[in-house]
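Chain letters run A, B, ... following the sequence lines, proteins first, then strands; residues in each count from 1. Quick note: numbers below take in every heavy atom, side chains included, and nothing from hydrogens, waters or symmetry partners.
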Amino acid sequence: MFRRGLPLIIAISFGFLTLISLLFGIAEISNLILAWASFLAAVALLLGVINLFSVHAQRMAGKRPFGGHNVYSAVLVISMLVVFGLGLTDLLGMTSGSLNQVFNWVQAPLEAALASLLAFFLLLSGIRLLQRQRTLSSILFLVTAVLILISNALIVSPLLPASLAGLLQQLRDLIQNIIVSSGMRGILLGIALGAITLSIRLLLGLERPYNK
Amino acid sequence: MTILTTLVIIGVVAVAIVLWSRRLAQQEEPTLRPLSGYTALKGQVGQAIESASKLHISLGRASLTGAANPTSVAALAVLERLAAEGCANDTPPITTVGDGTLLPLAENTLRRAADNAESAAGIPPGTMQFIASRTDAFAYAGGVASVIQQQKILGSVMVGHFGQELAIVTEVAGRSQVQQIIGSDDPLALAVAAPITDNFLIGEELLAAPAYLEGKPDQVASLQIQDVLRILLSLTILGLAVYRLVTG
C-alpha cells in the first residue's frame, strides 16, 4: 500500500504544484521543480553514458574484441575514452578548446552528411513504395516529392524562363502552404488533444508509468 | 486564454473522463476501431520466437521532463506489452532509448516483466541500450540502425518521438528485410514512415497506446472524450472559417 501509494501522492502533488505555479505565474515554484527535474535528467544521462560504455565494453571483452561488428564497439569505447581524456585535459588547463574542436571537426560534419542524405532516402522510399503497391496515394507521394525537388532546383536556375519559374513557385507554394500545412496542422491538433487527455490522466493518477 | 478558461477546460475534461470511465466499467468491453499498427504489434513476439530471432523496440528521444512526455509514456505502454510477451518466452525485446530519463523506466519495465514471467534467462546484458542524447538526433539514428543491422532482428518497433532522422533507420531496416512498425508525434517522421510500412501510428494514434494495449475503462474513456473534443474543435474551426468567409 505504502510502496504504491507514496509515488502516486508525490507524482500528483508535484503535477498539480507545477500546473498551478505555471498558471498563476509563481515562477519560484515552477523554476525550483524544473531545476530538480533537470538535475535528475542529468543524472539519468550519466547513467545512460555508463550503460553505453558497459554494453560496448562487454562486447569487446568477448573472443574477438576487434573482429566482425565488435570493431564498431571498439571504436566507440576508444572514442569515448579519448573525448573523456580531452575533457579532463581542458579542465586541467593542459589543452584549450580541444573538446569543441572534436565536435566541430568530427561530429558536426558527420551529422551534416547524414542530414544531406535524407532527401535521397525519401525519394528511394517513394520509388520502393511504388514498386510495392501502385495505389493512388503512393503515386501522389512520388509525384509530389519529385515535383518539389525539381521545382526547388529549377526556381533558382537562371536558365528557366521567368514565367515558368513563377508558375513552379506558385505550384510549390500551393502544395507546401495549403495542402501540406493543413495536413500537418490536423495531425498536430490531434497530438495536442491526445497529449492533453494523457496529461490529465497522469495528473489524476489514472496513468502511472512510474508505479506499475 | 485566461487562467479560468484553462482551469475550466482541465476540470471539465477530468470530470468527463472519471464519469465516463465509471459508465464504461459497468458495460461490456468496448470495441475500438482497428489500427494496423496495433494489430501488427500483436503478432510480432510470436513471429520472432518462431524464427529464433529477436524483436527490437526503440522508444525515441523524448525526455520525460520535456513537452513530449506523453509520447514517451505511450511508448512505454508499448514496451510493457512486448516485454511481457517476450519475457514469458525468454526473449525480451532489445530496447534502445535516446534519452537518459527513459533508461531507468524502460529497464524497470523489462525487469518487472521478467520477474512476473519468472523468466529463467532474465534480462541478458545488452538488452537495454542507451544510444545517444536527445540533442544528437543523427547519432541516435545511426546507433539504432547499427543495432538493427548487427543483431538478428525480425521486427523493429519504433514508437516515441522521432524526427526526419528516422529515414536512416528505416533505410537500414528495409535493407535487412526487417518488419517495421512506426509511431511518432512528429509529422516529418510520419512522412518518412508512410512509404516504408503500412503499420504506422499517426500522432494521436500512438498516444492511444494504453487504451489499445491495456483497454482499462479510464483509458478507453479518455480516448472517447478525446474524439468528442476533436469533433468540437473541428466544428469550431469550420464555423469560424465560414463566419470569416461570410462577414468578409
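Only the backbone of Ala191(B) comes within less than 4.5 Å of a heavy atom in chain A; its side chain stays farther off. Contact annotation for Leu206(B): neither backbone nor side-chain heavy atoms come within less than 4.5 Å of a heavy atom of chain A. For Leu229(B), the parts lying under 4.5 angstrom from a heavy atom of chain A are both the backbone and the side chain. No part of Leu102(B) comes within reach of chain A, as not one of its non-hydrogen atoms sits under 4.5 angstrom from that chain. Of the two parts of Ile17(B), only the side chain, counted from C-beta on, holds a non-hydrogen atom closer than 4.5 Å to a non-hydrogen atom of chain A. Only the side chain of Leu233(B) comes within contact range of chain A, judged by heavy atoms closer than 4.5 Å. With a threshold of 4.5 angstrom between heavy atoms, Asp136(B) approaches chain A through its backbone and through its side chain. In this structure, chain B has a heavy atom under 4.5 Å from the side chain of Leu189(A), while its backbone stays farther away. If you measure heavy-atom distances from Thr96(B) to chain A, you find no contacts under 4.5 Å at all. Of the atoms belonging to Val18(B), it is side-chain heavy atoms, and not backbone ones, that fall under 4.5 Å from chain A. With a 4.5 angstrom heavy-atom cutoff, Leu110(A) does not touch chain B via any of its atoms. Contact annotation for Ile202(B): only side-chain heavy atoms (C-beta onward) come within less than 4.5 Å of a heavy atom of chain A. With a 4.5 angstrom heavy-atom cutoff, Ala42(A) does not touch chain B via any of its atoms.
With chain A as the partner, the residue from Glu205(B), Glu165(B), Gln129(B) showing the most heavy-atom pairs under 4.5 Å is Gln129(B). For the set Leu76(A), Leu46(A), Leu52(A), the count of heavy-atom pairs under 4.5 angstrom toward chain B peaks at Leu52(A). Put simply, of Leu34(A), Ile127(A), Leu114(A), the one with the most heavy-atom pairs under 4.5 Å next to chain B is Leu114(A). With chain A as partner, the option from Thr101(B), Val13(B), Ile196(B) having the largest number of non-hydrogen pairs under 4.5 angstrom is Ile196(B). Per-residue counts of heavy-atom pairs under 4.5 Å with chain B were compared for Leu203(A), Val49(A), Ile200(A), Asn51(A); the largest is that of Asn51(A). When each of Leu198(A), Ile187(A), Leu118(A), Leu142(A) is scored by its heavy-atom pairs under 4.5 Å with chain B, the top score falls to Leu118(A).
One finds the CG atom of Leu207(B) at 11.0 Å from the CD1 atom of Ile196(A) (value rounded to the nearest 0.5 Å). Residue Ile50(A) holds its CD1 atom at 10.0 Å from CG of Leu103(B), rounded to the nearest 0.5 Å. Distance check: Leu204(A) CG to Ser222(B) OG gives 10.0 Å after rounding to the nearest 0.5 Å. Note that CD of Gln149(B) is 7.0 Å distant from OH of Tyr72(A), once rounded to the nearest 0.5 Å. Atoms CG and CZ, on Leu223(B) and Arg201(A) in that order, are 8.5 Å from each other to the nearest 0.5 Å.
Pairing each heavy atom of Thr65(B) with each of Ala41(A), the nearest pair is OG1-CB, 4.3 Å. Considering all non-hydrogen atoms of both residues, Ala139(B) and Glu111(A) come closest at N-OE2, 3.8 Å. The two atoms that bring Gly190(A) and Gln226(B) nearest to each other are O-NE2, 4.2 Å, heavy atoms only. Heavy-atom minimum distance, Pro195(B) versus Phe141(A): CG-CZ, 3.5 Å. Residues Gly126(B) and Val55(A) approach most closely at CA-CG2, 4.1 Å, considering heavy atoms. Considering every non-hydrogen atom in both Leu45(A) and Ser133(B), the closest pair reads CD1-CB, 3.9 Å.
By a heavy-atom distance cut of under 4.5 Å, Leu19(A), Leu23(A), Phe24(A) are the residues of residues 18-29 of chain A near chain B, going up by number. The contact list for residues 168-182 of chain A toward chain B, using heavy atoms and a distance under 4.5 Å, is empty.
Two residues are said to be in side-chain contact when any heavy atoms from C-beta on lie closer than 4.5 Å; Asn69(B) and Leu202(A) meet this criterion. Residues Val73(B) and Glu207(A) have side chains in contact (heavy-atom distance under 4.5 Å, counting atoms from C-beta outward).
Annotation: ring-ring contact (aromatic ring centres under 6.0 Å, His included) contacts involving residues 185-206 of chain A, sequence neighbours excluded, are absent. Residues in residues 35-46 of chain A take part in no side chain to side chain donor-acceptor pair (under 3.5 Å) pair, two or more places apart or across chains.
Of the possible donor and acceptor atoms, none in the side chain of Asp185(B) sits under 3.5 Å from a partner among the backbone N and O of Ile191(A).
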